[in-house]
Amino acid sequence: MLVEKIRFSNVTRNLIWGIVSVALILFAGLRADTVGADTNAYINQFYYLHAAELIWHDGSFEVGVKLIYAIAVSLAESHTLLLVLFSTIAIPLSFISIRKYSKAPDLSLFLFITLGFFVFHFNGTRQGLAFAFYMMSFSAIDKGKFFQYSAWVLIGSLFHTSVIFTLPLYYVFRKKFSWRSILWIALSMSIFVVFTDVFFLVLGNFSERYASYADRSGQGGGLLTIFNIAISIIFIIGRYMIALPDRHTYDIMLNMFIAGTVVFILVALTNGYVEMTRIAIYFTVAEIFLWPQLLRRIRPSYLRFMSYLIVLAVHILYYFIFLNQIGYYIPYVLSDKL
(Lines give C-alpha, C1' and ligand atoms only; values in the text may rest on other atoms or scores of the structure.)
Protein backbone atom coordinates (compact mmCIF):
# COMPACT_ATOMS: atom_id res chain seq x y z
CA MET A 1 0.00 0.00 0.00
CA LEU A 2 1.12 3.59 -0.56
CA VAL A 3 1.22 4.12 3.18
CA GLU A 4 2.29 0.62 4.13
CA LYS A 5 5.49 1.86 5.81
CA ILE A 6 3.55 4.06 8.21
CA ARG A 7 2.92 2.27 11.48
CA PHE A 8 0.21 3.24 13.94
CA SER A 9 -0.62 1.73 17.30
CA ASN A 10 -3.96 -0.04 17.57
CA VAL A 11 -5.29 2.80 19.73
CA THR A 12 -4.26 5.43 17.18
CA ARG A 13 -5.63 3.39 14.31
CA ASN A 14 -8.97 2.87 16.06
CA LEU A 15 -9.13 6.58 16.88
CA ILE A 16 -8.55 7.56 13.26
CA TRP A 17 -11.22 5.18 12.02
CA GLY A 18 -13.58 6.38 14.74
CA ILE A 19 -13.11 10.02 13.73
CA VAL A 20 -13.67 9.22 10.05
CA SER A 21 -16.77 7.19 10.92
CA VAL A 22 -18.28 10.00 12.99
CA ALA A 23 -17.47 12.53 10.26
CA LEU A 24 -19.24 10.46 7.61
CA ILE A 25 -22.21 9.78 9.89
CA LEU A 26 -22.65 13.50 10.48
CA PHE A 27 -22.11 14.30 6.80
CA ALA A 28 -24.89 11.87 5.90
CA GLY A 29 -27.17 12.58 8.84
CA LEU A 30 -27.09 16.38 8.67
CA ARG A 31 -27.96 16.60 4.97
CA ALA A 32 -30.96 18.55 3.71
CA ASP A 33 -34.05 16.82 2.36
CA THR A 34 -32.95 17.62 -1.21
CA VAL A 35 -29.85 15.40 -0.92
CA GLY A 36 -30.81 11.85 -1.81
CA ALA A 37 -33.77 10.54 -3.81
CA ASP A 38 -35.40 8.89 -0.79
CA THR A 39 -34.60 11.51 1.82
CA ASN A 40 -37.66 13.71 1.44
CA ALA A 41 -40.05 10.74 1.56
CA TYR A 42 -38.53 9.43 4.79
CA ILE A 43 -38.61 12.87 6.36
CA ASN A 44 -42.28 13.30 5.41
CA GLN A 45 -43.08 9.99 7.07
CA PHE A 46 -41.31 11.16 10.21
CA TYR A 47 -43.40 14.33 10.46
CA TYR A 48 -46.56 12.40 9.60
CA LEU A 49 -45.99 10.14 12.60
CA HIS A 50 -45.35 13.19 14.77
CA ALA A 51 -48.50 14.95 13.60
CA ALA A 52 -50.58 11.82 14.10
CA GLU A 53 -48.96 11.24 17.51
CA LEU A 54 -47.90 7.76 16.45
CA ILE A 55 -44.72 5.93 17.32
CA TRP A 56 -45.08 2.73 15.34
CA HIS A 57 -45.36 3.05 11.56
CA ASP A 58 -48.25 0.90 10.26
CA GLY A 59 -47.24 1.22 6.61
CA SER A 60 -45.26 -1.10 4.38
CA PHE A 61 -41.80 -0.50 5.84
CA GLU A 62 -39.88 -3.52 7.14
CA VAL A 63 -39.83 -3.97 10.90
CA GLY A 64 -36.23 -2.79 11.30
CA VAL A 65 -37.04 0.53 9.61
CA LYS A 66 -40.18 0.89 11.73
CA LEU A 67 -38.06 0.41 14.85
CA ILE A 68 -35.72 3.22 13.79
CA TYR A 69 -38.72 5.47 13.23
CA ALA A 70 -40.09 4.58 16.65
CA ILE A 71 -36.81 5.58 18.32
CA ALA A 72 -36.48 8.81 16.32
CA VAL A 73 -40.09 9.91 16.85
CA SER A 74 -39.89 9.14 20.56
CA LEU A 75 -36.70 11.10 21.13
CA ALA A 76 -36.74 14.05 18.76
CA GLU A 77 -38.90 16.75 17.22
CA SER A 78 -36.59 17.16 14.23
CA HIS A 79 -36.00 14.60 11.49
CA THR A 80 -32.23 14.97 11.88
CA LEU A 81 -32.07 12.17 14.44
CA LEU A 82 -33.82 9.84 11.99
CA LEU A 83 -31.18 10.41 9.30
CA VAL A 84 -28.37 10.16 11.85
CA LEU A 85 -29.74 6.83 13.06
CA PHE A 86 -29.87 5.50 9.51
CA SER A 87 -26.24 6.49 8.99
CA THR A 88 -25.16 5.22 12.41
CA ILE A 89 -26.18 1.76 11.24
CA ALA A 90 -25.02 1.89 7.63
CA ILE A 91 -21.55 3.39 8.08
CA PRO A 92 -20.05 1.63 11.15
CA LEU A 93 -21.17 -1.80 9.89
CA SER A 94 -19.45 -1.14 6.57
CA PHE A 95 -16.33 0.04 8.39
CA ILE A 96 -16.24 -3.09 10.55
CA SER A 97 -16.46 -5.28 7.47
CA ILE A 98 -13.71 -3.33 5.69
CA ARG A 99 -11.33 -3.47 8.63
CA LYS A 100 -12.02 -7.14 9.27
CA TYR A 101 -11.84 -8.43 5.72
CA SER A 102 -9.66 -6.10 3.65
CA LYS A 103 -5.94 -6.61 3.03
CA ALA A 104 -5.58 -2.80 2.90
CA PRO A 105 -8.45 -1.14 4.78
CA ASP A 106 -7.39 2.41 3.89
CA LEU A 107 -7.52 1.64 0.16
CA SER A 108 -10.83 -0.20 0.59
CA LEU A 109 -12.29 2.82 2.39
CA PHE A 110 -11.16 5.09 -0.45
CA LEU A 111 -12.84 2.77 -2.96
CA PHE A 112 -15.94 2.45 -0.77
CA ILE A 113 -16.38 6.21 -1.04
CA THR A 114 -15.34 6.79 -4.66
CA LEU A 115 -17.42 3.91 -6.02
CA GLY A 116 -20.51 5.46 -4.47
CA PHE A 117 -21.20 2.84 -1.81
CA PHE A 118 -21.00 5.40 1.00
CA VAL A 119 -23.67 7.67 -0.52
CA PHE A 120 -25.86 4.78 -1.68
CA HIS A 121 -28.06 4.95 1.40
CA PHE A 122 -28.87 8.58 0.53
CA ASN A 123 -30.78 7.33 -2.53
CA GLY A 124 -31.78 3.89 -1.31
CA THR A 125 -32.05 4.16 2.45
CA ARG A 126 -33.65 0.85 3.33
CA GLN A 127 -31.53 -1.16 0.92
CA GLY A 128 -28.47 0.75 2.10
CA LEU A 129 -29.10 -0.58 5.60
CA ALA A 130 -29.58 -4.14 4.33
CA PHE A 131 -26.42 -3.75 2.26
CA ALA A 132 -24.41 -2.80 5.36
CA PHE A 133 -25.57 -5.92 7.20
CA TYR A 134 -24.82 -8.03 4.13
CA MET A 135 -21.24 -6.78 4.11
CA MET A 136 -20.89 -8.25 7.59
CA SER A 137 -21.53 -11.71 6.11
CA PHE A 138 -18.41 -11.76 3.91
CA SER A 139 -16.18 -13.23 6.59
CA ALA A 140 -18.74 -16.01 7.12
CA ILE A 141 -18.64 -16.89 3.40
CA ASP A 142 -14.85 -17.06 3.56
CA LYS A 143 -14.87 -19.31 6.64
CA GLY A 144 -17.66 -21.57 5.36
CA LYS A 145 -20.14 -20.64 8.09
CA PHE A 146 -23.50 -20.82 6.33
CA PHE A 147 -25.63 -20.30 9.44
CA GLN A 148 -23.68 -17.19 10.38
CA TYR A 149 -24.02 -15.96 6.80
CA SER A 150 -27.76 -16.64 6.92
CA ALA A 151 -28.10 -14.77 10.19
CA TRP A 152 -26.60 -11.60 8.70
CA VAL A 153 -28.80 -11.92 5.61
CA LEU A 154 -31.93 -12.37 7.72
CA ILE A 155 -31.05 -9.37 9.88
CA GLY A 156 -30.53 -7.34 6.71
CA SER A 157 -33.95 -8.44 5.45
CA LEU A 158 -35.50 -6.64 8.41
CA PHE A 159 -34.54 -3.45 6.57
CA HIS A 160 -34.96 -4.46 2.90
CA THR A 161 -36.45 -7.79 1.89
CA SER A 162 -34.51 -7.99 -1.38
CA VAL A 163 -31.37 -9.21 0.41
CA ILE A 164 -33.09 -12.59 0.96
CA PHE A 165 -32.22 -13.33 -2.67
CA THR A 166 -28.55 -13.66 -1.66
CA LEU A 167 -29.11 -16.71 0.56
CA PRO A 168 -28.68 -19.49 -2.05
CA LEU A 169 -25.75 -17.62 -3.63
CA TYR A 170 -23.59 -18.59 -0.67
CA TYR A 171 -22.78 -21.90 -2.36
CA VAL A 172 -22.17 -20.27 -5.73
CA PHE A 173 -19.72 -17.73 -4.29
CA ARG A 174 -17.71 -20.40 -2.45
CA LYS A 175 -16.95 -22.30 -5.66
CA LYS A 176 -13.42 -22.19 -7.01
CA PHE A 177 -13.32 -19.66 -9.81
CA SER A 178 -13.50 -21.25 -13.25
CA TRP A 179 -15.45 -20.85 -16.46
CA ARG A 180 -17.90 -23.34 -14.98
CA SER A 181 -18.41 -21.11 -11.95
CA ILE A 182 -19.12 -18.20 -14.31
CA LEU A 183 -21.85 -20.32 -15.92
CA TRP A 184 -23.33 -21.05 -12.50
CA ILE A 185 -23.29 -17.35 -11.67
CA ALA A 186 -24.82 -16.41 -15.02
CA LEU A 187 -27.56 -19.00 -14.55
CA SER A 188 -28.34 -17.83 -11.02
CA MET A 189 -28.48 -14.17 -12.01
CA SER A 190 -30.52 -14.96 -15.14
CA ILE A 191 -33.19 -16.70 -13.10
CA PHE A 192 -33.48 -13.62 -10.95
CA VAL A 193 -33.36 -10.94 -13.66
CA VAL A 194 -35.48 -12.73 -16.27
CA PHE A 195 -38.16 -13.46 -13.69
CA THR A 196 -37.97 -10.03 -12.13
CA ASP A 197 -41.71 -9.49 -12.26
CA VAL A 198 -42.43 -12.70 -10.38
CA PHE A 199 -39.73 -11.91 -7.84
CA PHE A 200 -41.16 -8.50 -7.06
CA LEU A 201 -44.73 -9.78 -6.99
CA VAL A 202 -43.66 -12.33 -4.39
CA LEU A 203 -41.97 -9.59 -2.36
CA GLY A 204 -45.16 -7.60 -2.81
CA ASN A 205 -46.87 -10.09 -0.53
CA PHE A 206 -44.62 -8.77 2.22
CA SER A 207 -44.55 -5.12 1.21
CA GLU A 208 -46.73 -3.29 -1.29
CA ARG A 209 -43.72 -1.13 -2.17
CA TYR A 210 -42.24 -4.04 -4.15
CA ALA A 211 -45.38 -5.00 -6.05
CA SER A 212 -45.28 -1.80 -8.10
CA TYR A 213 -41.69 -2.49 -9.23
CA ALA A 214 -42.88 -5.24 -11.56
CA ASP A 215 -44.67 -2.72 -13.78
CA ARG A 216 -41.87 -0.17 -13.98
CA SER A 217 -39.66 0.46 -16.96
CA GLY A 218 -36.74 2.67 -17.90
CA GLN A 219 -33.36 1.93 -19.36
CA GLY A 220 -29.91 3.21 -18.54
CA GLY A 221 -26.72 2.18 -16.79
CA GLY A 222 -24.76 1.55 -19.99
CA LEU A 223 -21.57 3.17 -18.72
CA LEU A 224 -21.77 1.24 -15.44
CA THR A 225 -22.17 -1.99 -17.39
CA ILE A 226 -19.08 -1.29 -19.49
CA PHE A 227 -17.09 -0.24 -16.42
CA ASN A 228 -17.95 -3.41 -14.51
CA ILE A 229 -17.16 -5.63 -17.50
CA ALA A 230 -13.74 -4.00 -17.85
CA ILE A 231 -12.98 -4.37 -14.14
CA SER A 232 -14.13 -8.00 -14.20
CA ILE A 233 -11.69 -8.77 -17.01
CA ILE A 234 -8.84 -7.17 -15.05
CA PHE A 235 -9.66 -9.21 -11.95
CA ILE A 236 -9.95 -12.45 -13.95
CA ILE A 237 -6.56 -11.90 -15.60
CA GLY A 238 -5.03 -10.76 -12.31
CA ARG A 239 -6.19 -13.90 -10.50
CA TYR A 240 -3.10 -15.75 -11.73
CA MET A 241 -0.92 -13.32 -9.76
CA ILE A 242 -2.60 -14.25 -6.48
CA ALA A 243 -0.67 -16.64 -4.24
CA LEU A 244 -2.35 -20.02 -3.76
CA PRO A 245 -2.99 -19.52 0.00
CA ASP A 246 -4.91 -16.30 -0.80
CA ARG A 247 -6.73 -17.55 -3.86
CA HIS A 248 -9.74 -18.97 -2.00
CA THR A 249 -10.61 -15.54 -0.58
CA TYR A 250 -9.91 -13.88 -3.92
CA ASP A 251 -12.17 -16.36 -5.73
CA ILE A 252 -15.08 -15.64 -3.39
CA MET A 253 -14.85 -11.91 -4.05
CA LEU A 254 -14.26 -12.48 -7.78
CA ASN A 255 -17.35 -14.69 -8.06
CA MET A 256 -19.33 -12.09 -6.18
CA PHE A 257 -18.16 -9.21 -8.37
CA ILE A 258 -18.91 -11.16 -11.55
CA ALA A 259 -22.42 -11.81 -10.21
CA GLY A 260 -22.95 -8.06 -9.93
CA THR A 261 -21.56 -7.52 -13.43
CA VAL A 262 -23.89 -10.18 -14.84
CA VAL A 263 -26.86 -8.33 -13.33
CA PHE A 264 -25.82 -5.19 -15.24
CA ILE A 265 -25.35 -7.16 -18.46
CA LEU A 266 -28.69 -8.95 -18.21
CA VAL A 267 -30.61 -5.78 -17.43
CA ALA A 268 -28.99 -4.14 -20.48
CA LEU A 269 -29.69 -7.11 -22.78
CA THR A 270 -33.31 -7.54 -21.67
CA ASN A 271 -34.08 -3.82 -21.53
CA GLY A 272 -35.07 -4.43 -17.93
CA TYR A 273 -35.96 -1.81 -15.36
CA VAL A 274 -32.68 0.00 -14.69
CA GLU A 275 -33.35 0.20 -10.95
CA MET A 276 -32.89 -3.57 -10.92
CA THR A 277 -29.18 -2.85 -11.03
CA ARG A 278 -29.51 -1.70 -7.42
CA ILE A 279 -29.52 -5.39 -6.55
CA ALA A 280 -25.99 -5.58 -7.97
CA ILE A 281 -24.67 -3.42 -5.12
CA TYR A 282 -24.71 -6.46 -2.83
CA PHE A 283 -22.07 -8.00 -5.09
CA THR A 284 -20.11 -5.23 -6.83
CA VAL A 285 -18.87 -4.02 -3.44
CA ALA A 286 -16.46 -6.96 -3.72
CA GLU A 287 -14.31 -4.63 -5.83
CA ILE A 288 -13.14 -2.78 -2.73
CA PHE A 289 -11.65 -6.05 -1.42
CA LEU A 290 -10.27 -7.32 -4.71
CA TRP A 291 -8.05 -4.34 -5.55
CA PRO A 292 -6.03 -4.59 -2.30
CA GLN A 293 -5.43 -8.29 -2.91
CA LEU A 294 -4.39 -7.76 -6.51
CA LEU A 295 -2.27 -4.61 -6.20
CA ARG A 296 -0.11 -5.97 -3.41
CA ARG A 297 1.00 -8.81 -5.70
CA ILE A 298 2.34 -6.55 -8.45
CA ARG A 299 6.10 -6.57 -8.87
CA PRO A 300 8.47 -4.73 -9.10
CA SER A 301 7.73 -1.97 -6.59
CA TYR A 302 7.79 0.91 -9.08
CA LEU A 303 5.16 -0.88 -11.20
CA ARG A 304 3.06 -1.47 -8.09
CA PHE A 305 3.34 2.23 -7.21
CA MET A 306 2.23 3.24 -10.71
CA SER A 307 -0.66 0.78 -10.54
CA TYR A 308 -1.85 2.34 -7.29
CA LEU A 309 -1.75 5.79 -8.85
CA ILE A 310 -3.74 4.62 -11.87
CA VAL A 311 -6.37 2.93 -9.69
CA LEU A 312 -6.68 6.03 -7.51
CA ALA A 313 -6.98 8.34 -10.53
CA VAL A 314 -9.54 6.16 -12.32
CA HIS A 315 -11.75 5.93 -9.25
CA ILE A 316 -11.58 9.65 -8.56
CA LEU A 317 -12.74 10.20 -12.15
CA TYR A 318 -15.44 7.55 -11.66
CA TYR A 319 -16.65 9.33 -8.53
CA PHE A 320 -16.89 12.65 -10.38
CA ILE A 321 -18.92 11.05 -13.19
CA PHE A 322 -21.04 9.08 -10.71
CA LEU A 323 -22.06 12.16 -8.72
CA ASN A 324 -22.93 14.04 -11.88
CA GLN A 325 -24.82 11.21 -13.56
CA ILE A 326 -26.77 9.85 -10.61
CA GLY A 327 -29.39 12.32 -9.44
CA TYR A 328 -29.96 13.93 -6.05
CA TYR A 329 -26.41 13.71 -4.68
CA ILE A 330 -25.26 17.19 -5.60
CA PRO A 331 -25.32 19.89 -4.61
CA TYR A 332 -24.80 18.84 -1.01
CA VAL A 333 -26.73 21.09 1.37
CA LEU A 334 -26.86 21.07 5.16
CA SER A 335 -30.28 20.71 6.75
CA ASP A 336 -31.80 23.89 8.20
CA LYS A 337 -33.41 21.87 11.01
CA LEU A 338 -30.43 20.77 13.05
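Numbering starts at 1 and runs along the sequence shown.
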- Message: Does Ile191 form a side-chain contact (heavy atoms from CB on, under 4.5 Å) with Phe165? I'd like the steps, not just the answer.
- Response: CA-CA 11 Å; Ile191 292 172; Phe165 168 70; over 6 Å; no
- Only one of Phe138, Phe283, Phe146 passes ring-ring contact (aromatic ring centres under 6.0 Å, His included) with Phe173, and that residue is Phe283
So, do [X] and [Y] sit near enough that their side-chain heavy atoms are less than 4.5 Å apart?
{"X": "Asp246", "Y": "Arg296", "result": "yes"}
{"X": "Leu309", "Y": "Phe305", "result": "yes"}
{"X": "Ile265", "Y": "Ile229", "result": "yes"}
{"X": "Asp33", "Y": "His79", "result": "no"}
{"X": "Ile19", "Y": "Leu15", "result": "yes"}
{"X": "Val311", "Y": "Phe110", "result": "no"}
{"X": "Tyr329", "Y": "Asn324", "result": "no"}
{"X": "Leu294", "Y": "Ile234", "result": "yes"}

- Note on the structure: Exactly one candidate in Thr166, Leu167, Val163, Val63 meets side-chain contact (heavy atoms from CB on, under 4.5 Å) with Ser157; the answer is Val163
- Message: List the residues meeting side chain to side chain donor-acceptor pair (under 3.5 Å) with Ser108, not counting sequence neighbours, and say none if there are none.
- Response: Ser102
- Just jot down the side chain to side chain donor-acceptor pair (under 3.5 Å) partners of Ser94, sequence neighbours excluded, or say none. none
Same cluster (ILVMFWY, side-chain, under 4.5 Å), [X] and [Y]:
{"X": "Val22", "Y": "Ile91", "answer": "yes"}
{"X": "Ile321", "Y": "Leu111", "answer": "no"}
{"X": "Leu183", "Y": "Val262", "answer": "no"}
{"X": "Tyr308", "Y": "Leu303", "answer": "yes"}
{"X": "Leu317", "Y": "Ile226", "answer": "no"}

Grab the two heavy atoms, one from [X] and one from [Y], that are nearest each other, plus how far apart they are.
{"X": "Phe27", "Y": "Tyr332", "value": "O-OH, 2.5 Å"}
{"X": "Ile298", "Y": "Ser307", "value": "CD1-OG, 3.4 Å"}
{"X": "Leu334", "Y": "Ala32", "value": "O-CB, 3.7 Å"}
{"X": "Ile98", "Y": "Pro105", "value": "CG2-O, 3.6 Å"}
{"X": "Leu83", "Y": "Gly29", "value": "CB-O, 3.5 Å"}
{"X": "Gly260", "Y": "Thr284", "value": "CA-CG2, 3.8 Å"}

Output field: ring centroids [X]/[Y] closer than 6.0 Å:
{"X": "Phe227", "Y": "Phe264", "answer": "no"}
{"X": "Phe46", "Y": "His50", "answer": "yes"}
{"X": "Phe289", "Y": "Phe257", "answer": "no"}

- Item | Partner set under side-chain contact (heavy atoms from CB on, under 4.5 Å) for Thr88, not counting sequence neighbours | Ile25, Val84
Around [X], counting heavy atoms of other residues, nucleotides and ligands shown, do more than 12 lie under 6.0 Å from its [atom1]?
{"X": "Met241", "atom1": "CE", "result": "yes"}
{"X": "Trp184", "atom1": "CH2", "result": "no"}
{"X": "Arg299", "atom1": "CZ", "result": "yes"}

Euclidean distance, [Y] [atom2] relative to [X] [atom1], rounded to 0.5 Å:
{"X": "Phe120", "Y": "Ile281", "atom1": "CZ", "atom2": "CD1", "answer": "4.0 Å"}
{"X": "Ile89", "Y": "Phe86", "atom1": "CD1", "atom2": "CZ", "answer": "8.0 Å"}
{"X": "Ile316", "Y": "Ile113", "atom1": "CD1", "atom2": "CD1", "answer": "11.5 Å"}
{"X": "Gln127", "Y": "Tyr282", "atom1": "CD", "atom2": "OH", "answer": "4.0 Å"}
{"X": "Asn228", "Y": "Ile233", "atom1": "CG", "atom2": "CD1", "answer": "11.0 Å"}
{"X": "Thr261", "Y": "Leu224", "atom1": "OG1", "atom2": "CG", "answer": "10.5 Å"}

- Note on the structure: Using a 4.5 Å side-chain heavy-atom cut-off and chaining through intermediate ILVMFWY residues, the residues clustered with Tyr240 come out as none
May I ask you to decide if [Y]'s main-chain N or O and [X]'s side chain share a donor-acceptor pair within less than 3.5 Å?
{"X": "Arg31", "Y": "Ala28", "value": "yes"}
{"X": "Tyr318", "Y": "Gly116", "value": "no"}
{"X": "Asn255", "Y": "Lys175", "value": "yes"}
{"X": "His248", "Y": "Pro245", "value": "no"}
{"X": "Ser181", "Y": "Ser178", "value": "yes"}
{"X": "Arg247", "Y": "Ile242", "value": "yes"}

Hey, can you pull the donor-acceptor pairs under 3.5 Å for the side chains in residues 129-136, sequence neighbours left out?
from, atom 1, to, atom 2, distance (Å)
Tyr134, OH, Tyr149, OH, 3.0

- Query: So Tyr42 and Tyr69, would you call those rings parallel, tilted or perpendicular, with 30° and 60° as cut-offs?
  - Reply: parallel
- Task: Could you check His160 against Arg278 for side-chain contact (heavy atoms from CB on, under 4.5 Å), going step by step and ending with a plain yes or no?
- Result: CA-CA 12 Å; His160 201 269; Arg278 279 192 177 189; over 6 Å; no
- What's the verdict on side-chain hydrogen bond (donor to acceptor under 3.5 Å, both in side chains) for Trp152 and Gln148, showing C-alpha distance, side-chain angles and the deciding distance? CA-CA 7 Å; Trp152 285 118; Gln148 187 181 109; 4.5 Å; no
- side-chain contact (heavy atoms from CB on, under 4.5 Å) assessment of Thr80 paired with Leu30: CA-CA 6 Å; Thr80 299; Leu30 302 183; 3.5 Å; yes
- Message: Holding to salt bridge (Lys or Arg N to Asp or Glu O under 4.0 Å), I want the full list of residues that pass it with Arg239, two or more places apart in sequence or in another chain.
- Response: Asp251
- When you look at Phe235 and Met253, which way does the side-chain contact (heavy atoms from CB on, under 4.5 Å) test go after all the steps? CA-CA 10 Å; Phe235 287 146; Met253 291 291 103; over 6 Å; no
- Do the side-chain N and O atoms of Tyr328 and Thr39 include a donor-acceptor pair separated by under 3.5 angstrom? no
- Task: Assess the side chains of Thr161 and Glu62: does a donor N or O sit below 3.5 Å from an acceptor N or O?
- Result: yes
